[in-house]
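Notes follow once the structure below has been shown.
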Amino acid sequence: MSRSTPHWTVQTDDTMHWIAFIGVVACALAAVGFVSPGLAGILGFWIVAWVINLWVARYLGAFAGWLVPIIFGITILLLWEMVVAVYAVPPVILPAPSAIGATIVRAAPILWQDFAQTILKGAMPGFLIGAGAAFLTAIAIDRSPFLQRGLLPIGSFVAALPIVGLAPILVMWFGFDWQSKAAVVVVMVFFPILINIVAGLQASERMQRDLMATWGASYLQTLVKLRLPAAMPFLFNGLKIASTLALIGAIVAEFFGSPIYGMGFRISTEVGRLGLDMVWATIAVAALAGSVLYGLIALIERWVTFWHPSQRH
Amino acid sequence: MDEVNAAAPVIEAKGLNLVFQTADGPVQALKDVNLTVGAGEFVSFIGPSGCGKTTFLRAVAALEHPTSGSLTVNGMTPDEARRRRAYGYVFQAAGLYPWRTIAGNIRLPLEIMGFSKAEIASRVDRVLDLVELGGFGRKFPWQLSGGMQQRASIARALAFDADILLMDEPFGALDEIVRDRLNEEVLKLWARTGKTIGFVTHSIPEAVYLSTRIVVMSPRPGRITDVIDSALPKERPLDIRDSREFIEIAHRVREGLRAGHHDD
């Protein structure tokens, strides 16, 4: 009931409606507060934050683009904090954001060491090697129909292997340190990038290729000046998918053997001793790293494929 | 050099056949096509879809390969002529690369052909002026109208100064008003450059207005049913289309097209 009221009210821009709306909401909250003051507080805060965001989206057009998600994020964190405090949720089930924040600050050196081990040494080199290998393989496949029939099925076969089966084998082969994690990441990111580039290389229009032929362009010239630029939107799709796979691969691979640091190692050992705040802190770091990596790729994509209809503004 | 070109045919087809192998069996796209085009001629190919007019132009450009008969371009095989960059080709759609500016698109064939930087710059400026797009070089294709994009694609085909210009329904997707203006511009361009032009169209007025010779074709199998020499003067204002001569030629083209249809 109160869900539809503010929507309609805010759209009409009518002071009377506003007053009526605030009155209704206040009465409703008072009624809830009579039974449960905590719930009334949480609901009240939620509605206030919601109205603020509606107002920002309506009247601060220029800032709304980045202000709304920030307010939304802060709202979620505060609601989480309030729920945990009001209902005294045990930290093992769900620690409060403030507790997670405190853990991040307290354990910053350990988290940094884990991050460096898993993301900087495991995920990133694996991602770059996997992407590079996929690129070269895509060119080879493009040149030779024989390889297209041979390599693509092998690629899809490797991609279908479950990581829980693959990771222990690669740990045996490449040792406990980051090299085996990079290897897992290479295997995980290779195929999605490969099929995207292969599809991208077919994406140029026939007429555009005919034009190249009328100018007497060589294979290499056609590749560099037409087919690779046309493939870029596909390549970036592949890279975005692979960026999340790379983090998952590097973290999960540590479950099957690692030195005594690394994000996957941290999660599995802290779960074992009920150090859930540390698990959540590591998850927060992983989420942040994933978002930054994805955002970075999206930024480069915008710069490289500015011409694509999905990027034009 | 020029005298030799004027004497020798630029495009010569003798007993040309072209069969496409399709899922439904072979399709005869061209049957026994004989045609000679001299230097500096403006030849239009007209006929209903499936008559082989585009196929013939693509065969001249070595984008399709004849099944039998002979076809020479500047006395060479079409493929040799293609590798020597004997012609510029304008397709039905502009086909500009969206990641390159208009000037960048015109620069593209020149880069591929290995022109020097200074030469490229001066040629780009010259052909942009030629198609009246001076000042638009820095725009991207998607920032221009369809007519401007097609003019840019003509500039691109002119940039490397091939003797032959092949145009495959270049204005088919444009509205009548834009088409009229571009037709005038093509004629001016032809007068200024003296190129040999092969022009595919399905518009009778367009064919009559532009051409020194009109090749009427008909489908199933694709073949030439009539070749009409136009007696219109080289100087052609748009209102020449109301003249008696123009209407007579248009009439003959229409008769030729109708005759082709009765053969079915």
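Here is the naming used below: chain letters follow the sequence lines, and residue numbers restart at 1 for every chain.
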Item to check | Heavy-atom proximity to chain A below 4.5 Å, by part of I112(B) | outcome: both

Checklist entry - Could you give all pairs that pass the salt bridge (Lys or Arg N to Asp or Glu O under 4.0 Å) test and reach residues 18-27 of chain B, with sequence neighbours left out? => result none

Item to check | Which atoms of A159(B) approach chain A - backbone, side chain, both or neither, heavy atom under 4.5 Å | outcome: neither

Next on the checklist: Tell me if the CZ atom of F72(A) is crowded by more than 12 foreign heavy atoms within 6.0 Å.
Outcome noted: no

Next on the checklist: Does F135(A) have more than 12 heavy atoms from other residues, nucleotides or ligands lying within 6.0 Å of its CZ?
Outcome noted: no

Next on the checklist: Using a 4.5 angstrom heavy-atom cutoff, name the option from A162(B), P141(B), G88(B), A93(B) with the most pairs to chain A.
Outcome noted: A93(B)

Checklist outcome for this item: Greatest number of non-hydrogen atom pairs under 4.5 angstrom with chain A, of A81(B), A157(B), A61(B), G95(B), falls to G95(B)

Checklist entry - Which bit of L166(B) comes within less than 4.5 Å of chain A, counting heavy atoms only: side chain, backbone, both or neither? => result neither

What are the sub-3.5 Å donor-acceptor pairs between chain B and chain A, distances to 0.1 Å?
{"from": "R58(B)", "atom 1": "NH1", "to": "D210(A)", "atom 2": "OD2", "distance (Å)": "3.0"}
{"from": "R58(B)", "atom 1": "NH2", "to": "D210(A)", "atom 2": "OD2", "distance (Å)": "3.0"}
{"from": "R82(B)", "atom 1": "NH1", "to": "A213(A)", "atom 2": "O", "distance (Å)": "2.9"}
{"from": "R85(B)", "atom 1": "NE", "to": "W215(A)", "atom 2": "O", "distance (Å)": "2.9"}
{"from": "R85(B)", "atom 1": "NH2", "to": "W215(A)", "atom 2": "O", "distance (Å)": "3.4"}
{"from": "R85(B)", "atom 1": "NH2", "to": "G216(A)", "atom 2": "O", "distance (Å)": "3.3"}
{"from": "Y97(B)", "atom 1": "OH", "to": "Q208(A)", "atom 2": "O", "distance (Å)": "3.1"}
{"from": "E111(B)", "atom 1": "OE1", "to": "K225(A)", "atom 2": "NZ", "distance (Å)": "2.8"}
{"from": "I112(B)", "atom 1": "O", "to": "Q221(A)", "atom 2": "NE2", "distance (Å)": "3.0"}

